[in-house]
Amino acid sequence: GLGKSLNSALKKLFGANVIDEELVKELVKDIQRALLVADVDVNLVMAITKRVEEQALDENLPRGISRREHVIRVVWDTLAFFLGEKAVPLTINPGKQNLVMMVGIQGSGKTTTIGKLARYYQKRGIKTGVICADNFRPGAYNQLMQLAEKSNVPFWGDEDEKDAVKLAKKGFKEMKKKGIELILLDTSGRHKEEKSLIKEMRDISKSVKPQEIILVIDGTLGQQAGVQAEAFRKATQIGSIIITKLDGSAKGGGAISAIAATKAPIKFIGLGEGMDAIEPFNPTKFAGRLLG
Amino acid sequence: KELSDKNLEDSVWELQMVLIQNDVAVEVAEQICELTKEKILGDRAGRLENLSKVFKKAIYESVLEILTPEHPLDPLEFASEKKQKGEVTTILFVGVNGTGKTTTLAKMANLFKKNGFSVVIAAGDTFRAGSIEQLERHAERLGIRVIKQDYGADAAAIAFDAIAHAKAKHIDIVLIDSAGRMQSNKNLLDEMKKIARVADPDIKLFIGDALAGNDVLSQAKEFHKAIEIDGAVLTKVDADPSGGAALSIAYVTGRPVVFVGVGQEYDDIEQFDPEWFAQRLIG
Ligand SMILES: Nc1nc2c(ncn2[C@@H]2O[C@H](COP(=O)(O)OP(=O)(O)OP(=O)(O)O)[C@@H](O)[C@H]2O)c(=O)[nH]1
Ligand SMILES: Nc1nc2c(ncn2[C@@H]2O[C@H](COP(=O)(O)OP(=O)(O)OP(=O)(O)O)[C@@H](O)[C@H]2O)c(=O)[nH]1
Ligand SMILES: [Mg+2]
Ligand SMILES: [Mg+2]
């Protein structure tokens with residue numbers, strides 16, 4: 001259902017029989033606050049609540065529904081417009097080599113998420129393999145290798161190769177030889193100010209031409225979400241988004257800005273550190289949690 | 001002319017939005033603006049025309065005040081004084097997952113070493129894949145010893161061993177790494193409390209991500225409640241965030257932000273500059 005703070009805001013409004021502009025203003029403020037606390041972009045929050053205010057005060061109600069239901073519908077529709085109506089799965093052509101590349105800001109959860117996706121698809125009968133193309137972070141090789149071992153999934157890396165593009169190419173070649181259907185490519189963390197790393201990401205993508213590039217976003221990411229996602233989109237074609245660390249108290253509102261910036265849907269969410277802590281994105285559930 | 005309550009409301013709201021857009025937690029922005037507004041109304045100092053200017057100046061001063069520590073913490077100075085007494089300085093690094101604890105520990109190890117201190121590191125993250133190897137790689141490059149055990153071992157015991165080792169070998173600094181943990185996970189908070197209790201560190205540093213939004217408030221609040229933080233380090237400031245996280249952390253803990261992380265290399269650590277941040281948040 002709707003988040004409980006939104007529900008209580010609506011109860012205040014619709015205890016009254018007459019639409020009171022003051023009460024609507026108060027409702028709008030409550031919705032604004034809930035969305036801001038959830039880390040939704042400030043400008044987006046203003047746009048959403050402006051729409052809610054206009055429609056809540058609209059004299060012409062759609063037939064057969066109450067004013068309260070109408071306002072709820074407006075809030076939901078506005079969020080659904082950004083989050084998508086239903087979940088979109090990863091496209092994997094069985095029997096073919098599907099290369100999926102993970103990118104994202106430092107510490108967002110790329111390596112851990114690859115471990116989870118490997119387990120997820122291996123369980124579903126897809127031959128999965130993982131490649132470490134992170135040439136920078138100390139111990140990245142060991143981290144991914146240990147995660148791959150947990151799910152008994154083939155792993156490839158080369159600690160002596162210092163070029164990320166070469167790592168990706170070699171790894172892809174090795175995985176193809178093994179007949180792996182879903183090949184997950186791990187890359188180093190990077191942010192929008194690191195121009196040479198952004199270029200490196202583009203070079204990797206141009207070289208191995210992944211089926212899909214997944215942007216991994218930390219669920220705690222704040223008002224920077226939109227501009228950071230934009231920088232990734234400008235450099236490469238982002239196919240989908242995964243939001244991590246939603247097992248904590250963060251609401252993940254930055255995700256909305258990321259979707260808006262990349263035009264890519266969220267496909268999975270991360271709910272913990274274990275290899276089973278992943279689930280397909282559910283827009284209704286996500287919106288409900290957002291509204292607190 | 002007296003300040004009209006209604007016009008002040010507009011300035012208050014506007015500046016509140018500026019702070020929120022700069023990643024200051026909503027609750028912190030609201031409280032700072034509310035307290036500053038009351039102060040202005042109490043002073044009745046400004047003229048109606050200069051209202052937004054007066055309020056903005058007052059907010060800037062409030063922000064600067066929150067960011068400027070009453071009791072500054074300089075880990076190098078602290079360690080120096082302890083070294084003169086022949087004592088070991090123990091520093092514990094805590095924070096949620098992926099904020100940069102291990103990297104910050106390595107940067108500070110480098111900093112201490114460059115300033116003539118001997119350092120030993122405790123591999124206190126025995127949970128996450130590759131955490132021990134990551135620390136070992138850093139330590140290897142810096143020429144520093146790591147006290148470690150296997151994955152799954154008791155972090156508090158490893159910290160204890162490292163401190164005993166430092167005392168026996170007359171090593172100046174013990175840096176204790178710990179696993180990332182969500183502030184909503186009671187078991188992991190309890191584990192952290194145990195590490196702090198057993199190791200009894202001189203300095204407990206909360207490592208916060210400058211890119212985090214409202215969640216950083218609850219992180220700092222819960223970590224402070226659990227083990228009483230002495231200071232914070234704000235990482236990934238090179239990613240060009242507006243830095244509001246610094247304000248939320250300082251506000252809810254009353255403790256200073258000591259350093260900022262400005263990149264992934266060992267030298268990418270700087271002193272926290274309250275005025276620079278205040279300018280960025282309000283200027
Ligand atoms: N609680 C929780 N922790 C997570 C989740 N996803 C990742 N983590 C943790 O977040 C931390 C960072 O994860 P990594 O996989 O190393 O992140 P990364 O993006 O690969 O980091 P870099 O390679 O340095 O950019 C680790 O402690 C993970 O265990 C999640 O969904 N929930
Ligand atoms: N750009 C930038 N990256 C940083 C900074 N500090 C840390 N990082 C990167 O952030 C990522 C995570 O750093 P870690 O030190 O592994 O973080 P952690 O808190 O120890 O992570 P867990 O132990 O998994 O909770 C790594 O890729 C680091 O290089 C910083 O100040 N700037
Ligand atoms: Mg990684
Ligand atoms: Mg660590």
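Within every chain, numbering begins at 1; the chains are lettered A, B, ... in the order of the sequence lines, protein sequences first and strands thereafter.
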Self-check item: Side chain / backbone / both / neither for B:E136 at chain A, heavy atoms under 4.5 Å
Solution: neither
Quiz item: Side chain, backbone, both or neither: which part of B:E222 has a heavy atom under 4.5 Å from chain A?
Solution: neither
Which atom pair, heavy atoms only, marks the closest approach of [X] to [Y]?
X	Y	value
B:S184	A:S249	OG-N, 4.3 Å
A:Q146	B:A129	OE1-CA, 3.3 Å
A:K245	B:N97	NZ-O, 3.0 Å
A:P138	B:R137	CB-CB, 3.6 Å
B:N214	A:V37	CB-O, 3.3 Å

Practice problem: Against chain A, work out which of B:K236, B:R128, B:R141, B:Q183 has the most heavy-atom pairs shorter than 4.5 Å and name it. | Solution: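 Ranked by contacts with chain A, first place is B:R128.
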Quiz item: Which one, B:E30, B:E140, B:Q219, leads in non-hydrogen pairs under 4.5 Å with chain A?
Solution: B:E30
Quiz item: Which bit of A:L144 is near chain B, if near means a heavy-atom gap under 4.5 Å: side chain, backbone, both or neither?
Solution: neither
Quiz item: Side chain, backbone, both or neither: which part of A:M145 has an atom under 4.5 Å from a heavy atom of chain B?
Solution: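 Neither; nothing under 4.5 Å.
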Practice problem: Hey, could you give me the CD1/CD distance between B:I20 and A:Q223, rounded to the nearest 0.5 Å? | Solution: 8.5 Å
Quiz item: CG of A:L221 to CG of B:L211: how many Å apart, nearest 0.5 Å?
Solution: 6.0 Å
Quiz item: Under 4.5 Å, heavy atom to heavy atom, which residues of residues 190-199 of chain A contact chain B?
Solution: A:H191, A:K192, A:E193, A:E194, A:L197
Quiz item: For chain B, which of A:A140, A:G222, A:S108 has the most heavy-atom pairs under 4.5 Å?
Solution: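 Ranked by heavy-atom pairs under 4.5 Å with chain B, first place is A:G222.
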